[in-house]
Amino acid sequence: MGRPRRGLRRHPRTGEFAATGDEGWTTTARSGVSTVDPITDLPDRLARREGDHTLLCRGVEAALPGFRTIEAAAADLGEVTVAVSRADYTNFHELLGARVPTVFVPDPDACDDELARARFAAAAGVALCATDDESAGTELAKLADPAVRNALIRRCAELSFGNGAEDAATWLAGQCREVNRAANS
């Protein structure tokens, strides 16, 4: 990236809850950037609602006795009881932000370090981590226990990241204004 050009602010970079556990290639390319909160599609307010027991599967096939498998967009995550998901950037931040008790199963072929992200979440007490089908079943079974689910929900509620989409858009708009000013000078 080099030095920022005169008059331009640092480049924005989306934040990562698991940044301190990140060992991927982007760790060496952080100079000259400003960080914004993770960018998600979550609404500003997302109420958790209790209802029938539901299981959301994102990128992983699973079943849990007593739970109905559903599909849910980001705006509907408040209705999800538990989830099993890949630990990609979007799913990771949306499920944690929505306080959905989740088992993250990293994709070993992913282009980002899903394993480090999933392990960081487990170490922080905000999710469970499984590295294969057998451990995924074992970890998912733990989410049948309301006490385990409530502990994960409480811990996720303590997270302080918001949605960085507005900050990133503001930065981009500022860059466009500067480019237009320079072109019209």
Side-chain angles (χ1 to χ4, degrees), residues 13-24 35-107 110 112-131 135-168:
R13 178 186 176 288
T14 55
E16 165 83 53
F17 169 67
T20 58
D22 186 358
E23 297 175 0
T35 303
V36 297
D37 282 336
I39 295 176
T40 67
D41 198 21
L42 290 173
D44 289 339
R45 291 183 179 246
L46 184 69
R48 299 257 332 132
R49 293 180 285 283
E50 290 296 322
D52 62 333
H53 287 39
T54 58
L55 168 65
L56 174 66
C57 299
R58 287 193 168 171
V60 180
E61 291 185 31
L64 185 60
F67 287 74
R68 179 176 55 91
T69 303
I70 64 167
E71 292 184 19
D76 303 318
L77 289 177
E79 298 175 14
V80 175
T81 308
V82 298
V84 60
S85 176
R86 293 297 187 200
D88 62 84
Y89 181 87
T90 301
N91 285 328
F92 182 80
H93 289 98
E94 286 183 350
L95 291 166
L96 293 180
R99 301 186 315 268
V100 176
T102 302
V103 174
F104 286 112
V105 183
D107 180 352
D112 58 345
D113 194 351
E114 291 188 17
L115 180 59
R117 188 179 286 134
R119 285 181 172 163
F120 184 87
V126 296
L128 304 178
C129 174
T131 55
S135 63
T138 301
E139 294 301 306
L140 187 57
K142 292 177 183 178
L143 294 183
D145 181 349
V148 172
R149 290 194 307 267
N150 289 332
L152 292 172
I153 290 168
R154 277 192 307 276
R155 182 65 185 104
C156 284
E158 295 171 2
L159 300 181
S160 62
F161 64 81
N163 187 346
E166 186 175 332
D167 290 338

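The model shown is predicted, which means the values in this text are computed figures rather than measured ones.
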S.K.: Using side-chain contact (heavy atoms from CB on, under 4.5 Å) as the criterion, list what pairs up with A110, not counting sequence neighbours.
M.R.: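 By the side-chain contact (heavy atoms from CB on, under 4.5 Å) rule, A110 matches D107, D112, E114.
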S.K.: Could you list the residues that satisfy salt bridge (charged side-chain N to carboxylate O under 4.0 Å, His left out) with R58, not counting sequence neighbours?
M.R.: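 E94.
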S.K.: To the nearest 0.5 Å, how far apart are CZ in R149 and CZ in R154?
M.R.: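 CZ of R154 is found 12.0 Å from CZ of R149.
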S.K.: Could you pull out the closest heavy-atom pair between L152 and P101, with the gap in Å?
M.R.: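 Shortest heavy-atom separation between L152 and P101 comes out as CD1-CB, 4.0 Å.
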S.K.: Checking side-chain contact (heavy atoms from CB on, under 4.5 Å) between L56 and each of V84, V82, V100, L77, which is the one that passes?
M.R.: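 The side-chain contact (heavy atoms from CB on, under 4.5 Å) with L56 is passed solely by L77 among V84, V82, V100, L77.
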S.K.: Check whether any side-chain heavy atom of D88 lies under 4.5 Å from a side-chain heavy atom of F92, and answer yes or no.
M.R.: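 D88 does not reach F92 side chain to side chain.
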S.K.: Please collect all side chain to side chain donor-acceptor pair (under 3.5 Å) contacts where either partner lies in residues 122-131, sequence neighbours excluded, each pair once.
M.R.: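 Pairs touching residues 122-131 that pass the test: none.
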S.K.: Quick one: side chains of residues 136-148, donor-acceptor pairs under 3.5 Å with protein atoms, not counting sequence neighbours, listed by atom name and distance.
M.R.:
from	atom 1	to	atom 2	distance (Å)
T138	OG1	E134	O	3.2
E139	OE1	K142	NZ	3.4
E139	OE2	K142	NZ	2.9
D145	OD1	A147	N	2.9

S.K.: What closest approach, in Å, do N91 and R86 show between heavy atoms, and which atom pair accounts for it?
M.R.: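 The pair with the smallest heavy-atom distance is CB-O, 3.9 Å.
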S.K.: Okay, side chain of T102, backbone of L95: is any donor-acceptor separation there less than 3.5 Å?
M.R.: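 No; zero donor-acceptor contacts below 3.5 Å.
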S.K.: May I ask you to decide if A130's main-chain N or O and S135's side chain share a donor-acceptor pair within less than 3.5 Å?
M.R.: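 Here the side-chain-to-backbone pair does not exist.
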S.K.: Partners of A118 by side-chain contact (heavy atoms from CB on, under 4.5 Å), sequence neighbours excluded?
M.R.: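 With sequence neighbours excluded, A118 shows a side-chain contact (heavy atoms from CB on, under 4.5 Å) to A87, F104, P106, C129, given in chain and number order.
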S.K.: Only pairs under 3.5 Å count here: list side-chain donor-acceptor contacts from residues 59-74, not counting sequence neighbours, and write none if there are none.
M.R.:
from	atom 1	to	atom 2	distance (Å)
R68	NE	D52	OD2	2.9
R68	NH2	D52	OD1	3.4
R68	NH2	D52	OD2	2.8

